[in-house]
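Notes follow once the structure below has been shown.
Residue numbering restarts at 1 for every chain, and letters A, B, ... go by the order of the sequence lines.
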There are 2 protein chains.
Amino acid sequence: MSTAEETAGGETSAWGEVTPDAARRLLIAAVEAFAERGYHATTTRDIAGRAGMSPAALYIHYKTKEELLHRISRIGHEKALEILRTAARREGSPAERLADAVSSFVRWHAGGRTTARVVQYELDSLGPDARDEILALRRQCDAEVRGIIEDGVAAGDFDVLDVKGTTLAVMSLCIDVARWFNVDGPWTPEEVGALDADLVLRMVGAK
Amino acid sequence: MSTAEETAGGETSAWGEVTPDAARRLLIAAVEAFAERGYHATTTRDIAGRAGMSPAALYIHYKTKEELLHRISRIGHEKALEILRTAARREGSPAERLADAVSSFVRWHAGGRTTARVVQYELDSLGPDARDEILALRRQCDAEVRGIIEDGVAAGDFDVLDVKGTTLAVMSLCIDVARWFNVDGPWTPEEVGALDADLVLRMVGAK
DNA sequence: GCCCCGGGTGAGCGAGCGCTTAGTACGCTG
DNA sequence: CAGCGTACTAAGCGCTCGCTCACCCGGGGC
(Lines give C-alpha, C1' and ligand atoms only; values in the text may rest on other atoms or scores of the structure.)
Protein backbone atom coordinates (compact mmCIF):
# COMPACT_ATOMS: atom_id res chain seq x y z
CA MET A 1 0.00 0.00 0.00
CA SER A 2 2.93 2.31 0.59
CA THR A 3 3.41 2.78 -3.11
CA ALA A 4 -0.23 3.51 -3.71
CA GLU A 5 -0.20 6.12 -0.98
CA GLU A 6 3.10 7.54 -2.16
CA THR A 7 1.76 8.23 -5.62
CA ALA A 8 -1.74 9.05 -4.50
CA GLY A 9 -0.75 12.54 -3.43
CA GLY A 10 0.88 14.09 -6.43
CA GLU A 11 0.45 11.70 -9.30
CA THR A 12 -3.01 10.25 -9.20
CA SER A 13 -4.62 13.61 -9.87
CA ALA A 14 -3.05 13.63 -13.32
CA TRP A 15 -5.30 10.77 -14.43
CA GLY A 16 -8.55 12.58 -13.68
CA GLU A 17 -9.55 12.51 -17.33
CA VAL A 18 -9.71 8.71 -17.38
CA THR A 19 -13.18 7.31 -16.84
CA PRO A 20 -14.93 5.29 -15.56
CA ASP A 21 -13.52 4.98 -12.07
CA ALA A 22 -12.54 1.31 -12.45
CA ALA A 23 -10.61 2.03 -15.64
CA ARG A 24 -8.69 4.80 -13.89
CA ARG A 25 -7.86 2.58 -10.92
CA LEU A 26 -6.52 -0.05 -13.30
CA LEU A 27 -4.45 2.54 -15.15
CA ILE A 28 -2.88 3.87 -11.96
CA ALA A 29 -2.17 0.33 -10.80
CA ALA A 30 -0.49 -0.37 -14.14
CA VAL A 31 1.67 2.76 -13.90
CA GLU A 32 2.93 1.71 -10.49
CA ALA A 33 3.58 -1.87 -11.52
CA PHE A 34 5.32 -0.94 -14.80
CA ALA A 35 7.49 1.63 -12.99
CA GLU A 36 8.53 -0.86 -10.32
CA ARG A 37 9.15 -3.99 -12.34
CA GLY A 38 9.04 -2.97 -15.98
CA TYR A 39 6.34 -3.74 -18.54
CA HIS A 40 7.38 -7.27 -19.42
CA ALA A 41 7.95 -8.31 -15.81
CA THR A 42 4.49 -7.09 -14.83
CA THR A 43 1.58 -9.54 -14.99
CA THR A 44 -2.02 -8.66 -15.68
CA ARG A 45 -2.85 -10.43 -12.43
CA ASP A 46 -0.57 -8.03 -10.58
CA ILE A 47 -2.23 -4.99 -12.14
CA ALA A 48 -5.73 -6.23 -11.41
CA GLY A 49 -4.70 -7.18 -7.86
CA ARG A 50 -3.34 -3.70 -7.13
CA ALA A 51 -6.61 -2.23 -8.36
CA GLY A 52 -8.53 -4.61 -6.08
CA MET A 53 -10.15 -6.49 -8.93
CA SER A 54 -10.07 -9.92 -10.54
CA PRO A 55 -7.74 -10.58 -13.48
CA ALA A 56 -10.65 -10.71 -15.89
CA ALA A 57 -11.88 -7.21 -14.98
CA LEU A 58 -8.92 -5.69 -16.81
CA TYR A 59 -10.27 -6.90 -20.14
CA ILE A 60 -13.59 -5.17 -19.70
CA HIS A 61 -11.86 -1.78 -19.91
CA TYR A 62 -8.77 -2.55 -22.02
CA LYS A 63 -8.34 -4.86 -24.97
CA THR A 64 -4.79 -5.90 -24.09
CA LYS A 65 -2.02 -5.26 -21.61
CA GLU A 66 -0.26 -3.25 -24.31
CA GLU A 67 -3.24 -0.91 -24.63
CA LEU A 68 -2.70 0.04 -21.01
CA LEU A 69 0.92 0.97 -21.73
CA HIS A 70 -0.11 2.86 -24.84
CA ARG A 71 -2.70 4.92 -22.95
CA ILE A 72 -0.25 5.68 -20.15
CA SER A 73 2.46 6.63 -22.60
CA ARG A 74 0.23 8.94 -24.61
CA ILE A 75 -1.25 10.74 -21.63
CA GLY A 76 2.22 11.07 -20.09
CA HIS A 77 3.78 12.47 -23.23
CA GLU A 78 0.91 14.90 -23.69
CA LYS A 79 1.47 16.13 -20.15
CA ALA A 80 5.21 16.49 -20.79
CA LEU A 81 4.56 18.40 -24.00
CA GLU A 82 2.11 20.67 -22.22
CA ILE A 83 4.71 21.48 -19.54
CA LEU A 84 7.36 22.37 -22.12
CA ARG A 85 4.91 24.27 -24.32
CA THR A 86 3.71 26.38 -21.41
CA ALA A 87 7.27 27.34 -20.52
CA ALA A 88 8.26 27.97 -24.13
CA ARG A 89 5.33 30.30 -24.84
CA ARG A 90 5.30 32.38 -21.67
CA GLU A 91 6.53 35.94 -21.49
CA GLY A 92 10.18 36.56 -20.72
CA SER A 93 13.69 36.34 -22.04
CA PRO A 94 14.94 33.12 -23.65
CA ALA A 95 17.02 32.47 -20.54
CA GLU A 96 13.99 32.78 -18.28
CA ARG A 97 11.89 30.58 -20.54
CA LEU A 98 14.63 27.93 -20.80
CA ALA A 99 15.16 27.89 -17.04
CA ASP A 100 11.42 27.58 -16.56
CA ALA A 101 11.15 24.74 -19.05
CA VAL A 102 14.02 22.79 -17.51
CA SER A 103 13.02 23.28 -13.89
CA SER A 104 9.37 22.35 -14.45
CA PHE A 105 10.26 19.42 -16.72
CA VAL A 106 12.76 18.14 -14.13
CA ARG A 107 10.25 18.60 -11.32
CA TRP A 108 7.81 16.47 -13.28
CA HIS A 109 10.40 13.72 -13.78
CA ALA A 110 11.45 13.77 -10.12
CA GLY A 111 8.08 14.23 -8.43
CA GLY A 112 6.21 11.95 -10.80
CA ARG A 113 9.07 9.54 -11.14
CA THR A 114 6.68 6.60 -11.22
CA THR A 115 4.92 7.89 -14.31
CA ALA A 116 8.01 9.39 -15.90
CA ARG A 117 9.88 6.11 -15.73
CA VAL A 118 7.19 4.32 -17.67
CA VAL A 119 6.85 7.15 -20.17
CA GLN A 120 10.57 7.50 -20.86
CA TYR A 121 11.86 3.95 -20.64
CA GLU A 122 9.09 1.59 -21.75
CA LEU A 123 8.68 2.98 -25.26
CA ASP A 124 10.28 -0.06 -26.88
CA SER A 125 7.67 -2.34 -25.35
CA LEU A 126 5.02 -0.79 -27.61
CA GLY A 127 4.16 -2.16 -31.03
CA PRO A 128 5.39 -0.27 -34.13
CA ASP A 129 2.24 1.80 -34.71
CA ALA A 130 1.88 2.93 -31.12
CA ARG A 131 5.61 3.65 -30.91
CA ASP A 132 5.48 5.84 -34.01
CA GLU A 133 2.62 7.84 -32.52
CA ILE A 134 4.54 8.41 -29.28
CA LEU A 135 7.76 9.26 -31.13
CA ALA A 136 5.91 12.06 -32.89
CA LEU A 137 4.98 13.54 -29.51
CA ARG A 138 8.58 13.18 -28.39
CA ARG A 139 9.83 15.10 -31.40
CA GLN A 140 7.40 17.89 -30.54
CA CYS A 141 8.90 18.00 -27.04
CA ASP A 142 12.39 18.34 -28.51
CA ALA A 143 11.16 21.02 -30.87
CA GLU A 144 9.79 23.18 -28.04
CA VAL A 145 13.14 23.17 -26.25
CA ARG A 146 15.07 23.70 -29.46
CA GLY A 147 12.81 26.65 -30.21
CA ILE A 148 13.76 28.38 -26.98
CA ILE A 149 17.46 27.82 -27.60
CA GLU A 150 17.16 29.12 -31.16
CA ASP A 151 15.41 32.23 -29.84
CA GLY A 152 18.25 32.78 -27.39
CA VAL A 153 20.85 32.39 -30.11
CA ALA A 154 18.96 34.72 -32.46
CA ALA A 155 18.67 37.33 -29.71
CA GLY A 156 22.37 37.05 -29.00
CA ASP A 157 21.65 35.92 -25.45
CA PHE A 158 23.06 32.40 -25.87
CA ASP A 159 26.43 31.14 -27.11
CA VAL A 160 25.82 27.69 -28.56
CA LEU A 161 28.02 25.67 -30.94
CA ASP A 162 25.51 22.98 -31.95
CA VAL A 163 21.84 23.80 -31.33
CA LYS A 164 20.53 20.31 -32.11
CA GLY A 165 23.18 18.57 -30.01
CA THR A 166 22.74 20.99 -27.13
CA THR A 167 18.98 20.44 -27.23
CA LEU A 168 19.51 16.72 -26.93
CA ALA A 169 21.87 17.25 -24.00
CA VAL A 170 19.32 19.41 -22.22
CA MET A 171 16.69 16.72 -22.72
CA SER A 172 19.15 14.10 -21.44
CA LEU A 173 19.70 16.04 -18.25
CA CYS A 174 15.96 16.28 -17.61
CA ILE A 175 14.94 12.76 -18.64
CA ASP A 176 17.74 10.96 -16.84
CA VAL A 177 16.36 12.34 -13.58
CA ALA A 178 13.67 9.66 -13.80
CA ARG A 179 16.41 7.01 -13.73
CA TRP A 180 18.27 8.12 -10.60
CA PHE A 181 15.92 10.28 -8.57
CA ASN A 182 14.98 8.76 -5.23
CA VAL A 183 12.16 10.09 -3.10
CA ASP A 184 14.12 9.19 0.04
CA GLY A 185 17.29 10.86 -1.27
CA PRO A 186 18.86 14.15 -0.20
CA TRP A 187 17.07 16.37 -2.74
CA THR A 188 13.54 17.59 -3.30
CA PRO A 189 12.23 17.80 -6.87
CA GLU A 190 12.37 21.59 -6.57
CA GLU A 191 16.06 21.54 -5.64
CA VAL A 192 16.99 19.30 -8.55
CA GLY A 193 14.92 21.47 -10.88
CA ALA A 194 16.70 24.62 -9.76
CA LEU A 195 20.13 22.99 -9.98
CA ASP A 196 19.56 21.59 -13.46
CA ALA A 197 18.11 24.89 -14.69
CA ASP A 198 21.32 26.62 -13.57
CA LEU A 199 23.47 24.00 -15.27
CA VAL A 200 21.53 24.33 -18.50
CA LEU A 201 21.92 28.10 -18.54
CA ARG A 202 25.67 27.53 -18.25
CA MET A 203 25.53 24.99 -21.10
CA VAL A 204 23.98 27.51 -23.46
CA GLY A 205 26.35 30.26 -22.32
CA ALA A 206 23.50 32.51 -21.17
CA LYS A 207 24.71 36.06 -20.69
CA MET B 1 22.82 -11.39 -38.63
CA SER B 2 23.19 -7.68 -39.21
CA THR B 3 23.22 -7.03 -35.49
CA ALA B 4 25.89 -9.61 -34.89
CA GLU B 5 28.07 -8.05 -37.55
CA GLU B 6 27.34 -4.56 -36.35
CA THR B 7 28.58 -5.31 -32.87
CA ALA B 8 31.33 -7.65 -33.98
CA GLY B 9 33.63 -4.82 -34.89
CA GLY B 10 33.83 -2.66 -31.83
CA GLU B 11 32.08 -4.52 -29.09
CA THR B 12 32.86 -8.19 -29.30
CA SER B 13 36.52 -7.59 -28.59
CA ALA B 14 35.61 -6.38 -25.11
CA TRP B 15 34.52 -9.89 -24.14
CA GLY B 16 37.86 -11.50 -24.91
CA GLU B 17 38.37 -12.46 -21.30
CA VAL B 18 35.32 -14.74 -21.35
CA THR B 19 36.15 -18.38 -22.00
CA PRO B 20 35.52 -20.91 -23.36
CA ASP B 21 34.44 -19.83 -26.82
CA ALA B 22 30.87 -21.13 -26.48
CA ALA B 23 30.36 -19.22 -23.23
CA ARG B 24 31.55 -16.03 -24.90
CA ARG B 25 29.24 -16.54 -27.88
CA LEU B 26 26.31 -17.01 -25.53
CA LEU B 27 27.25 -13.90 -23.59
CA ILE B 28 27.46 -11.77 -26.73
CA ALA B 29 24.16 -13.18 -27.93
CA ALA B 30 22.61 -12.29 -24.58
CA VAL B 31 23.95 -8.73 -24.72
CA GLU B 32 22.39 -8.21 -28.13
CA ALA B 33 19.06 -9.73 -27.14
CA PHE B 34 18.83 -7.87 -23.82
CA ALA B 35 19.69 -4.58 -25.54
CA GLU B 36 17.08 -5.08 -28.25
CA ARG B 37 14.14 -6.40 -26.26
CA GLY B 38 15.06 -6.01 -22.59
CA TYR B 39 15.93 -8.73 -20.10
CA HIS B 40 12.41 -9.91 -19.30
CA ALA B 41 11.27 -9.97 -22.91
CA THR B 42 14.25 -12.09 -23.93
CA THR B 43 13.90 -15.87 -23.82
CA THR B 44 16.67 -18.33 -23.17
CA ARG B 45 15.70 -19.95 -26.46
CA ASP B 46 16.39 -16.67 -28.24
CA ILE B 47 19.82 -16.30 -26.67
CA ALA B 48 20.81 -19.86 -27.50
CA GLY B 49 19.45 -19.48 -31.04
CA ARG B 50 21.52 -16.35 -31.69
CA ALA B 51 24.61 -18.23 -30.50
CA GLY B 52 23.74 -21.10 -32.85
CA MET B 53 23.11 -23.55 -30.06
CA SER B 54 20.26 -25.50 -28.49
CA PRO B 55 18.37 -24.02 -25.50
CA ALA B 56 19.93 -26.53 -23.14
CA ALA B 57 23.49 -25.52 -24.03
CA LEU B 58 23.06 -22.28 -22.14
CA TYR B 59 22.82 -24.15 -18.84
CA ILE B 60 26.16 -25.88 -19.30
CA HIS B 61 27.93 -22.53 -19.04
CA TYR B 62 25.53 -20.50 -16.87
CA LYS B 63 23.40 -21.54 -13.94
CA THR B 64 20.49 -19.23 -14.79
CA LYS B 65 19.45 -16.53 -17.22
CA GLU B 66 20.06 -14.03 -14.44
CA GLU B 67 23.67 -15.12 -14.12
CA LEU B 68 24.17 -14.04 -17.73
CA LEU B 69 22.85 -10.56 -16.95
CA HIS B 70 24.95 -10.41 -13.80
CA ARG B 71 28.15 -11.31 -15.68
CA ILE B 72 27.39 -8.79 -18.44
CA SER B 73 26.61 -6.09 -15.93
CA ARG B 74 29.77 -6.67 -13.89
CA ILE B 75 32.11 -6.78 -16.86
CA GLY B 76 30.45 -3.70 -18.33
CA HIS B 77 30.66 -1.70 -15.15
CA GLU B 78 34.29 -2.70 -14.66
CA LYS B 79 35.01 -1.44 -18.16
CA ALA B 80 33.18 1.82 -17.45
CA LEU B 81 35.08 2.27 -14.21
CA GLU B 82 38.37 1.60 -15.98
CA ILE B 83 37.58 4.26 -18.58
CA LEU B 84 36.77 6.89 -15.94
CA ARG B 85 39.71 5.90 -13.72
CA THR B 86 42.16 6.18 -16.60
CA ALA B 87 40.91 9.67 -17.42
CA ALA B 88 40.85 10.75 -13.78
CA ARG B 89 44.41 9.65 -13.06
CA ARG B 90 46.17 10.91 -16.17
CA GLU B 91 48.41 13.94 -16.26
CA GLY B 92 46.86 17.31 -16.96
CA SER B 93 44.65 20.03 -15.57
CA PRO B 94 41.28 19.17 -14.02
CA ALA B 95 39.60 20.60 -17.12
CA GLU B 96 41.61 18.34 -19.42
CA ARG B 97 40.96 15.31 -17.24
CA LEU B 98 37.22 16.05 -17.01
CA ALA B 99 36.93 16.56 -20.75
CA ASP B 100 38.82 13.32 -21.31
CA ALA B 101 36.59 11.42 -18.88
CA VAL B 102 33.38 12.71 -20.44
CA SER B 103 34.40 12.25 -24.06
CA SER B 104 35.71 8.72 -23.57
CA PHE B 105 32.75 7.72 -21.38
CA VAL B 106 30.32 9.12 -23.95
CA ARG B 107 32.16 7.38 -26.79
CA TRP B 108 31.77 4.12 -24.92
CA HIS B 109 28.03 4.67 -24.46
CA ALA B 110 27.52 5.66 -28.09
CA GLY B 111 29.83 3.18 -29.80
CA GLY B 112 28.99 0.29 -27.52
CA ARG B 113 25.38 1.27 -27.19
CA THR B 114 24.30 -2.36 -27.23
CA THR B 115 26.33 -3.16 -24.14
CA ALA B 116 25.79 0.19 -22.45
CA ARG B 117 22.03 -0.12 -22.67
CA VAL B 118 22.06 -3.41 -20.82
CA VAL B 119 24.57 -2.15 -18.27
CA GLN B 120 22.72 1.09 -17.50
CA TYR B 121 19.07 0.12 -17.79
CA GLU B 122 18.72 -3.53 -16.76
CA LEU B 123 20.05 -3.15 -13.23
CA ASP B 124 16.63 -3.62 -11.65
CA SER B 125 16.26 -7.02 -13.27
CA LEU B 126 19.03 -8.38 -11.05
CA GLY B 127 18.36 -9.92 -7.65
CA PRO B 128 19.17 -7.94 -4.50
CA ASP B 129 22.67 -9.36 -3.92
CA ALA B 130 23.82 -8.91 -7.49
CA ARG B 131 22.30 -5.45 -7.62
CA ASP B 132 24.14 -4.39 -4.48
CA GLU B 133 27.43 -5.56 -5.97
CA ILE B 134 26.82 -3.57 -9.16
CA LEU B 135 25.67 -0.49 -7.25
CA ALA B 136 29.01 -0.47 -5.45
CA LEU B 137 30.79 -0.30 -8.81
CA ARG B 138 28.44 2.48 -9.88
CA ARG B 139 29.28 4.52 -6.80
CA GLN B 140 32.96 4.14 -7.65
CA CYS B 141 32.24 5.54 -11.12
CA ASP B 142 30.50 8.56 -9.59
CA ALA B 143 33.40 9.00 -7.17
CA GLU B 144 35.98 9.18 -9.97
CA VAL B 145 34.08 11.98 -11.71
CA ARG B 146 33.37 13.77 -8.46
CA GLY B 147 37.07 13.59 -7.65
CA ILE B 148 38.00 15.43 -10.83
CA ILE B 149 35.42 18.13 -10.17
CA GLU B 150 36.63 18.53 -6.57
CA ASP B 151 40.19 18.89 -7.86
CA GLY B 152 39.05 21.60 -10.23
CA VAL B 153 37.22 23.45 -7.48
CA ALA B 154 40.18 23.16 -5.12
CA ALA B 155 42.53 24.48 -7.80
CA GLY B 156 40.20 27.38 -8.45
CA ASP B 157 39.73 26.22 -12.05
CA PHE B 158 36.03 25.39 -11.70
CA ASP B 159 33.08 27.40 -10.45
CA VAL B 160 30.54 24.91 -9.09
CA LEU B 161 27.62 25.50 -6.73
CA ASP B 162 26.82 21.88 -5.82
CA VAL B 163 29.58 19.34 -6.48
CA LYS B 164 27.45 16.26 -5.80
CA GLY B 165 24.55 17.49 -7.92
CA THR B 166 26.81 18.59 -10.74
CA THR B 167 28.51 15.19 -10.71
CA LEU B 168 25.13 13.51 -11.09
CA ALA B 169 24.26 15.84 -13.97
CA VAL B 170 27.52 15.02 -15.74
CA MET B 171 26.80 11.31 -15.34
CA SER B 172 23.26 11.87 -16.66
CA LEU B 173 24.59 13.51 -19.78
CA CYS B 174 26.91 10.58 -20.47
CA ILE B 175 24.60 7.72 -19.54
CA ASP B 176 21.54 9.04 -21.35
CA VAL B 177 23.50 8.79 -24.60
CA ALA B 178 22.83 5.06 -24.47
CA ARG B 179 19.09 5.78 -24.57
CA TRP B 180 18.99 8.02 -27.63
CA PHE B 181 22.12 7.39 -29.68
CA ASN B 182 21.44 5.84 -33.05
CA VAL B 183 24.19 4.33 -35.19
CA ASP B 184 22.38 5.51 -38.31
CA GLY B 185 21.94 9.02 -36.93
CA PRO B 186 23.75 12.22 -37.89
CA TRP B 187 26.57 11.94 -35.33
CA THR B 188 29.57 9.71 -34.77
CA PRO B 189 30.43 8.67 -31.22
CA GLU B 190 33.47 10.94 -31.40
CA GLU B 191 31.34 13.97 -32.29
CA VAL B 192 28.94 13.39 -29.43
CA GLY B 193 31.87 12.85 -27.07
CA ALA B 194 33.46 16.17 -28.08
CA LEU B 195 30.16 18.05 -27.87
CA ASP B 196 29.29 16.68 -24.43
CA ALA B 197 32.81 17.34 -23.14
CA ASP B 198 32.44 20.98 -24.17
CA LEU B 199 29.02 21.21 -22.51
CA VAL B 200 30.37 19.70 -19.29
CA LEU B 201 33.24 22.20 -19.15
CA ARG B 202 30.62 24.94 -19.42
CA MET B 203 28.60 23.32 -16.63
CA VAL B 204 31.52 23.41 -14.21
CA GLY B 205 32.45 26.94 -15.25
CA ALA B 206 35.94 25.93 -16.40
CA LYS B 207 38.16 28.97 -16.79
C1' DG C 1 -42.31 -7.80 -10.51
C1' DC C 2 -39.68 -8.98 -14.25
C1' DC C 3 -36.42 -8.33 -17.67
C1' DC C 4 -32.35 -6.60 -19.27
C1' DC C 5 -27.83 -4.99 -19.52
C1' DG C 6 -23.32 -3.29 -18.14
C1' DG C 7 -19.65 -4.31 -14.80
C1' DG C 8 -17.91 -7.87 -12.32
C1' DT C 9 -16.14 -12.92 -10.93
C1' DG C 10 -14.08 -17.99 -10.84
C1' DA C 11 -12.29 -21.20 -13.43
C1' DG C 12 -9.49 -22.44 -16.92
C1' DC C 13 -7.55 -22.61 -21.96
C1' DG C 14 -3.53 -22.85 -25.07
C1' DA C 15 0.94 -21.21 -25.37
C1' DG C 16 5.39 -20.29 -24.11
C1' DC C 17 8.41 -19.79 -20.30
C1' DG C 18 12.95 -21.22 -17.46
C1' DC C 19 15.09 -25.10 -16.70
C1' DT C 20 16.13 -30.48 -16.43
C1' DT C 21 17.16 -34.98 -17.86
C1' DA C 22 18.50 -38.91 -20.64
C1' DG C 23 21.16 -39.88 -24.18
C1' DT C 24 24.91 -38.92 -27.89
C1' DA C 25 29.17 -37.49 -30.45
C1' DC C 26 33.87 -36.65 -29.95
C1' DG C 27 38.61 -36.02 -28.57
C1' DC C 28 42.07 -37.40 -25.24
C1' DT C 29 44.57 -40.90 -22.32
C1' DG C 30 46.66 -45.53 -21.75
C1' DC D 1 41.23 -49.42 -29.56
C1' DA D 2 38.66 -49.51 -25.05
C1' DG D 3 37.41 -46.21 -21.49
C1' DC D 4 36.12 -41.86 -20.06
C1' DG D 5 34.96 -37.02 -19.46
C1' DT D 6 33.36 -32.94 -21.68
C1' DA D 7 30.25 -30.44 -24.59
C1' DC D 8 26.18 -30.72 -26.66
C1' DT D 9 21.13 -32.04 -28.19
C1' DA D 10 16.04 -33.69 -28.28
C1' DA D 11 12.44 -34.00 -25.61
C1' DG D 12 9.77 -32.50 -22.22
C1' DC D 13 8.39 -31.14 -17.12
C1' DG D 14 5.97 -28.03 -14.22
C1' DC D 15 4.52 -23.59 -14.14
C1' DT D 16 2.75 -19.09 -15.15
C1' DC D 17 1.54 -16.12 -18.64
C1' DG D 18 -2.12 -13.21 -21.43
C1' DC D 19 -6.50 -13.74 -22.25
C1' DT D 20 -11.51 -15.93 -22.54
C1' DC D 21 -15.85 -17.77 -21.23
C1' DA D 22 -19.91 -19.05 -18.67
C1' DC D 23 -22.12 -17.21 -15.14
C1' DC D 24 -23.75 -13.64 -11.50
C1' DC D 25 -25.41 -9.48 -9.29
C1' DG D 26 -27.69 -4.93 -8.73
C1' DG D 27 -30.25 -0.98 -10.54
C1' DG D 28 -33.52 1.36 -14.15
C1' DG D 29 -37.61 1.02 -17.51
C1' DC D 30 -42.23 -0.83 -18.37
Return the value, rounded to whole Å, for the distance between atom CG of Leu58(A) and atom P of dC17(D). 14 Å
Tyr59(A) side chain N/O closer than 4.0 Å to the phosphate oxygens (OP1, OP2) of dT20(D)? no
Shortest side-chain distance from Pro55(B), nucleotide among dG8(C), dT21(C), dC19(C): dC19(C)
Could you tell me how far apart Lys63(A) (NZ) and dG18(D) (C1') are, to the nearest whole angstrom? 15 Å
So which of Arg138(B), Arg97(B), Arg89(B) actually passes salt bridge (Lys or Arg N to Asp or Glu O under 4.0 Å) with Glu144(B)? Arg89(B)
Decide salt bridge (charged side-chain N to carboxylate O under 4.0 Å, His left out) for Glu82(B) and Arg85(B); before the verdict, give the C-alpha distance in whole Å, the side-chain angles of both, and the deciding distance to 0.1 Å. CA-CA 5 Å; Glu82(B) 183 203 311; Arg85(B) 198 165 268 169; over 6 Å; no
Rounded to whole angstroms, how far apart are CG on Leu68(A) and P on dC19(D)? 10 Å
If you assign Arg45(B) and Pro20(B) each to the DNA chain D nucleotide with the nearest heavy atom, which residue ends up on the more 5' nucleotide? Pro20(B)
Does a nitrogen or oxygen in the side chain of His40(A) sit under 4.0 Å from OP1 or OP2 of dC17(D)? no
If you check the Lys65(B) side chain, which of dC19(C), dC8(D), dT20(D) turns out closest? dC19(C)
I need the CD-P distance between Glu67(B) and dC19(C), as an integer number of Å. 10 Å
Is it true that Asp21(B) and Arg25(B) have a side-chain N and a carboxylate O under 4.0 angstrom from each other? yes
Using atom CZ of Arg25(A) as one end and atom P of dG7(C) as the other, report the distance to the nearest whole Å. 13 Å
Check the pair Glu66(B) / Arg71(B) against salt bridge (charged side-chain N to carboxylate O under 4.0 Å, His left out), numbers first and verdict last. CA-CA 9 Å; Glu66(B) 195 193 318; Arg71(B) 281 257 230 281; over 6 Å; no
Send over the distance from Asp46(B) CG to dC19(C) P, rounded to a whole Å. 15 Å
OH of Tyr62(B) versus P of dA7(D): gap in Å, rounded? 13 Å
Using only side-chain N and O atoms of Thr44(A), determine if any of them is under 4.0 Å from OP1 or OP2 of dG18(D). yes
Looking only at dC17(D), dT9(D), dC17(C), the nucleotide nearest the Thr43(A) side chain is dC17(D)
From CG of Leu26(A) across to C1' of dG18(D) the rounded distance in Å is 15 Å
Considering every strand and a 4.0 Å limit on heavy-atom distances, what is the contact class for Ser54(B): base, sugar-phosphate, or nothing? base
With a 4.0 Å cut-off on N to O distance, would you call Asp124(B) and Arg37(A) a salt bridge? no
